[in-house]
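Let me begin by presenting the structure, written as structure tokens, before commenting on it.
Side chains are part of it too, since the values below use all heavy atoms of this structure and drop only hydrogens, waters and symmetry mates. Every chain is numbered from 1 and lettered A, B, ... according to where its sequence line falls, protein lines coming before strand lines.
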Amino acid sequence: MTVRTRFAPSPTGQVHIGNIRAAIYNWLFARHAGGQFLLRIEDTDRERSTPAAVQAVLDAMAWLGLNYDEAPVYQSTQTAAHLAAAEQLLKTGHAYKEDKGGTGKGECVIFRMPGTDMSFRDEIKGDLVKKAADMKDFVIVRSDGTPVFHLANVVDDLHMNITHIIRGDDHVENTYRHVALFRALGATPPKYAHLPMIVNAQGKPYSKRDGAAYVGDFRAKGYLGEALFNYLALLGWSPGGDRELMSRDEMARLFTFDRVQSSAAQFDLVKLLWMNGEYMRALPREQREAACRAVLQERGLWNDALPAGYLGRVLDAMAERIKLFTDIADAGYFFTEDFAFDEKSVQKRLLKPGALELLAATRTVYAGMADFSAAATEAALRELATARGLGMGDLVHPVRVAISGTAVGPSLFHMLEVFGKDRVLRRMDKTLEKFGHR
RNA sequence: GACCCCAUCGUCUAGAGGCCUAGGACAUCAGGUUUUCAUCCUGAUAACACGGGUUCGAAUCCCGUUGGGGUCGCCA
């Protein structure tokens with residue numbers, strides 16, 4: 001039998017990292033086994049399941065490269081099948097009708113648990129058992145005639161021929177019910193694999209309050225889908241040995257349940273950021289450029305008048321300093337003449353005694369240069385430093401702050417080259433004027 | 001509270017009885033390179049929760065304790 005797994009999110013508008021991690025494991029296992037990975041939208045909550053909410057799921061999956069094999073199944077279209085199953089259970093005596101609790105709401109359909117101890121083998125946690133006394137009958141069709149999660153979930157999995165259910169730890173207790181439902185319906189239950197939770201620094205389930213918790217948050221912050229995928233896959237699973245940076249295909253090839261951790265994992269944003277940097281440096285420059293341009297446009301820093309190839313040159317200068325696409329916005333001075341001056345940088349490098357005088361001297365040297373390449377501006381500054389008996393830092397720092405407003409940034413001489421002589425001189429003049437140098 | 005699950009450096013993990021003086025990565029700290037930052041290179045700090053067994057031998061197996069977590073809806 002070929003492996004068939006599914007991701008069955010309830011569309012709420014945003015996709016939590018814990019859920020998408022479950023989707024990743026489903027995808028990984030299906031691809032590993034050469035089987036199929038399916039998508040089922042559990043949209044029975046009509047209030048929250050708006051088209052936009054569904055789209056958020058689709059977007060998140062596409063962004064992470066979680067391609068699925070058949071058209072998505074919308075649970076809301078399967079109600080007839082759910083109700084038919086309930087009828088069948090009623091007929092076979094596995095369910096009964098009752099006004100539960102005598103609430104006056106009317107009769108609902110209740111599933112009768114088998115009354116025996118139950119067990120199932122979890123692919124990750126091993127054999128799990130539950131005593132008959134610890135399990136209660138449960139509602140499968142509400143008194144208003146709508147199917148409850150347990151029924152819908154099981155019937156859909158049955159109809160979709162799902163062979164392996166890979167989901168969060170929080171569903172372990174439900175599994176006894178689901179197994180009983182499958183059997184009562186005359187079917188063999190699928191195999192189950194329950195993933196441990198993703199927790200915060202306090203060991204509690206990772207939530208919005210802990211920072212970025214939704215897939216969309218990471219995308220908006222400028223992360224790469226490939227990096228998030230890699231990081232999340234490794235949060236609870238390891239291929240063994242020292243392997244960390246892997247392609248989706250490599251991970252799929254190596255993925256097995258026996259290498260999935262059974263204890264909760266703490267989400268570490270710092271390590272994700274490092275990993276994103278690793279993916280960023282491996283990214284083809286056109287892609288990096290396109291994404292950074294989008295960020296600049298979004299922040300109103302993009303200017304169509306900028307020369308062709310300008311952004312590419314900026315990115316070359318920024319090099320390893322870009323770990324997230326949004327980092328480009330920190331170098332806004334490349335894109336506008338109206339950049340801000342960082343107070344601390346100004347105090348330390350511009351208002352230091354003699355600094356403005358040295359800046360003026362550098363300006364004079366630069367004004368007389370024809371070749372404004374990085375090599376040329378560097379050589380000229382070295383010459384000036386030697387002539388004055390100064391260190392390079394004495395000259396470099398004031399110039400940097402003068403033309404960018406900040407003391408941190410890429411190699412100065414590459415910056416000068418990217419700006420070009422005219423812009424550099426103009427900025428130096430403006431700065432000299434602003435800080436009162438005669 | 002009842003039932004269930006879990007437990008290796010700060011974090012993610014390797015480890016399936018001797019290869020462990022417990023390895024890697026991130027983070028941290030210290031040096032080096034450098035015009036700043038980032039990168040890069042070197043090195044360092046840092047863990048088997050505790051107590052009992054089993055065994056010639058235990059991070060690895062068993063039991064207990066402690067600590068964490070999950071579930072107990074006509075939600076999903």
Side-chain angles (χ1 to χ4, degrees), chain A residues 8-12 19 42-45 48-49 75 98-101 103 105-110 122 124-126 128-131 133-136 138-150 152-153 168-176 194 196-199 201-205 231 234-245 258-259 261-275 277-278 281 318-323 327 330 345 348-349 378 381-382 385 391-401 404 406-415:
Chain A
S10 175
T12 58
N19 285 126
E42 302 208 334
D43 58 345
T44 49
D45 183 342
R48 294 202 288 176
S49 301
Q75 188 163 69
E98 184 184 293
D99 178 4
K100 194 183 177 202
T103 56
K105 277 195 229 170
E107 289 193 318
C108 55
V109 180
I110 298 174
D122 188 281
I124 294 167
K125 296 176 179 297
L128 264 20
V129 299
K130 192 94 170 165
K131 295 216 170 46
D134 296 324
M135 295 179 286
K136 295 188 295 190
F138 57 97
V139 176
I140 54 177
V141 178
R142 300 186 186 88
S143 48
D144 68 0
T146 58
V148 167
F149 163 74
H150 302 293
N153 194 263
D169 231 349
D170 48 333
H171 281 293
V172 169
E173 303 293 327
N174 287 336
T175 304
Y176 298 97
H194 287 98
M197 309 252 101
I198 293 179
V199 300
Q202 287 73 239
K204 305 287 183 193
Y231 178 74
L234 252 26
L235 202 56
W237 170 76
S238 154
D242 300 335
R243 311 204 58 179
E244 288 202 310
L245 264 14
D258 60 349
R259 301 206 62 97
Q261 210 75 11
S262 48
S263 52
Q266 194 171 308
F267 191 80
D268 183 358
L269 207 53
V270 177
K271 184 152 185 177
L272 203 213
L273 188 60
W274 163 78
M275 192 171 273
E278 295 297 305
R281 72 171 65 186
M318 290 293 283
E320 312 291 334
R321 274 156 275 251
I322 303 273
K323 279 195 167 141
D327 286 344
D330 294 340
S345 300
K348 190 172 175 191
R349 325 244 79 146
E378 177 167 3
L381 218 59
R382 279 199 194 287
M392 278 294 267
D394 296 318
L395 298 172
V396 162
H397 297 310
V399 176
R400 173 189 297 286
V401 178
S404 71
T406 172
V408 299
S411 153
L412 175 68
F413 305 109
H414 288 103
M415 274 171 75

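- At a threshold of 4.0 angstrom between heavy atoms, the contacts of A:Gly409 include nucleobase atoms, whether or not backbone atoms are also involved.
- Counting only heavy atoms from C-beta on, A:Ser10 has its side chain closest to B:rA76 among B:rA76, B:rG73, B:rA14.
- Of the possible donor and acceptor atoms, one in the side chain of A:Arg259 sits under 3.5 Å from a partner among the backbone N and O of A:Ser238.
- Within a 6.0 Å radius of NE2 in A:His194, more than 12 heavy atoms belonging to other residues, nucleotides or ligands are found.
- Side-chain contact between A:Arg321 and A:Val408 is absent, with no heavy-atom pair separated by less than 4.5 Å.
- The base-pairing partner of B:rA2, taking Watson-Crick or G-U wobble contacts with both distances under 3.5 Å, is B:rU71.
- For the residue pair A:Asp99 and A:Gly106, the shortest heavy atom distance occurs at OD1-O, 3.2 Å.
- Computed from coordinates, the A:Gln266 CD to B:rG68 C1' distance equals 12 Å when rounded to whole Å.
- At a threshold of 4.0 angstrom between heavy atoms, the contacts of A:Ser411 include nucleobase atoms, whether or not backbone atoms are also involved.
- Along RNA chain B, the nucleotide nearest to A:Arg382 and the one nearest to A:Asp170 differ in position, and the one closer to the 5' end is contacted by A:Arg382.
- To the nearest whole angstrom, the two C1' atoms, one in B:rU28 and one in B:rA47, are 16 Å apart.
- Separation of the P atoms belonging to B:rU65 and B:rA2 is 13 Å when rounded to the nearest angstrom.
- When each of A:Gly203 and A:Thr103 is assigned the nucleotide of RNA chain B with its nearest heavy atom, A:Gly203 is the one assigned upstream, toward the 5' end.
- At the heavy-atom level, A:Gly236 lies under 4.0 Å from the strands shown only through sugar-phosphate atoms.
- Looking at A:Thr406, its side chain has no donor and acceptor atom pair within 3.5 Å of the base of B:rU36.
- Closest of all the heavy-atom pairs between A:His150 and A:Asn174 is CE1-OD1, 3.2 Å.
- A:Pro196 comes within 4.0 angstrom of no nucleic acid atom, judged by non-hydrogen atoms across all strands.
- Using atom C1' as the reference point in both B:rA30 and B:rG70, the two lie 43 Å apart (nearest Å).
- Heavy atoms of A:Asn19 sit nowhere under 4.0 angstrom from any nucleic acid atom.
- Spacing between B:rA22 and B:rU45 at atom C1', rounded to whole Å, works out to 16 Å.
- Look at CE on A:Met197: it is 19 Å from P on B:rC4, rounded to the nearest Å.
- When atom types are taken as modelled, the side chain of A:Asp327 and the backbone of A:Lys323 share a donor-acceptor pair closer than 3.5 angstrom.
- The interatomic distance linking A:Ile198 (CD1) with B:rC6 (P) rounds to 19 Å, in whole Å.
- Taking 4.0 angstrom as the limit, A:Arg281 places a side-chain polar atom (N or O) nearer than this to OP1 or OP2 of B:rC40.
- In this structure B:rU54 sits in no base pair that meets the Watson-Crick or G-U test at under 3.5 Å.
- Within the nucleic acid shown, A:Thr146 has no heavy atom closer than 4.0 Å to any nucleic acid atom.
- Each of B:rU13, B:rC3, B:rU35 was ranked by its minimum atom distance to the side chain of A:Lys130; first place goes to B:rC3.
- Here the separation of B:rU33 from B:rU39, taken at their C1' atoms, is 11 Å to the nearest Å.
- For A:Arg281 (side chain) and A:Ala319 (main-chain N/O), no donor-acceptor pair under 3.5 Å exists by modelled atom type.
- Contact of A:Ser143 with B:rC74 (side chain to base): a donor-acceptor pair of N or O atoms is detected under 3.5 Å.
- A:Ser49 and A:Thr44 make their closest contact through OG-N, 4.5 Å (heavy atoms, listed as atom of the first residue, atom of the second, distance).
- Among the heavy atoms of the strands lying under 4.0 Å from A:Ala265 are primed sugar atoms or P, OP1, OP2 only; no base atom is included.
- Rounded to whole Å, the P atom of B:rC56 lies 23 Å from the corresponding atom of B:rC20.
- Using a 4.0 Å heavy-atom criterion, one finds that A:Leu235 contacts the sugar-phosphate atoms exclusively.
- Residue A:Glu42 places its side chain closer to B:rA76 than to any other of B:rA76, B:rU35, B:rC3.
- A:Arg259 has a side-chain polar atom (N or O) that falls below the 4.0 Å cut-off from OP1 or OP2 of B:rG15.
- Rounding to whole angstrom units, NZ of residue A:Lys204 and C1' of B:rG70 are separated by 11 Å.
- Residue A:Arg400 has its side chain nearest to B:rU36 when only B:rU36, B:rG73, B:rA76 are considered.
- A:His194 comes within 4.0 angstrom of no nucleic acid atom, judged by non-hydrogen atoms across all strands.
- Pairing for B:rA46 is absent, with no Watson-Crick or G-U wobble pair whose two atom distances lie under 3.5 Å.
- Within the shown strands, B:rU66 is the pairing partner of B:rA7 under the Watson-Crick or G-U definition, both distances less than 3.5 Å.
- In this structure, NZ of A:Lys125 is placed 7 Å from C1' of B:rC6, rounded to the nearest angstrom.
- If you take NZ on A:Lys136 and CD1 on A:Ile110, they are separated by 11.0 Å, rounding to the nearest 0.5 Å.
- The shortest side-chain heavy-atom distance between A:Lys348 and A:His397 does not fall under the 4.5 Å cut-off.
- With hydrogens and angles disregarded, a donor-acceptor distance shorter than 3.5 Å links the side chain of A:Tyr231 to the backbone of A:Asp268.
- Using a 4.0 Å heavy-atom distance criterion, A:Asp45 is classed as making no nucleic acid contact.
- Taking side-chain N and O atoms only, A:Gln75 has no distance below 4.0 Å to OP1 or OP2 of B:rA76.
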I'd like a table of atom pairs between the protein and nucleotides 25-27 of chain B - only N or O on both sides, under 3.5 Å - with the distance next to each one.
| from | atom 1 | to | atom 2 | distance (Å) |
| --- | --- | --- | --- | --- |
| B:rA25 | O4' | A:Glu244 | OE1 | 3.4 |
| B:rA25 | O2' | A:Glu244 | OE1 | 2.5 |
| B:rA25 | O2' | A:Lys271 | NZ | 3.3 |
| B:rA25 | N3 | A:Lys271 | NZ | 3.0 |

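- Heavy atoms of A:Tyr231 sit nowhere under 4.0 angstrom from any nucleic acid atom.
- Residue A:Arg321 contributes atom CZ, which lies 13 Å from atom P of B:rU35 at whole-angstrom precision.
- Rounded to whole Å, atom C1' of B:rU35 lies 12 Å from atom NZ of A:Lys348.
- Taking the P atoms as reference points, B:rG64 lies 12 Å from B:rC5, given to the whole Å.
- Between A:Ile140 atom CD1 and B:rG73 atom P there is a gap of 17 Å when expressed in whole angstrom units.
- Contact annotation for A:Glu378: no contact, since no heavy-atom pair falls under 4.0 Å across all strands.
- Nucleotides B:rG15 and B:rU60 have their P atoms positioned 15 Å apart, rounded to a whole Å.
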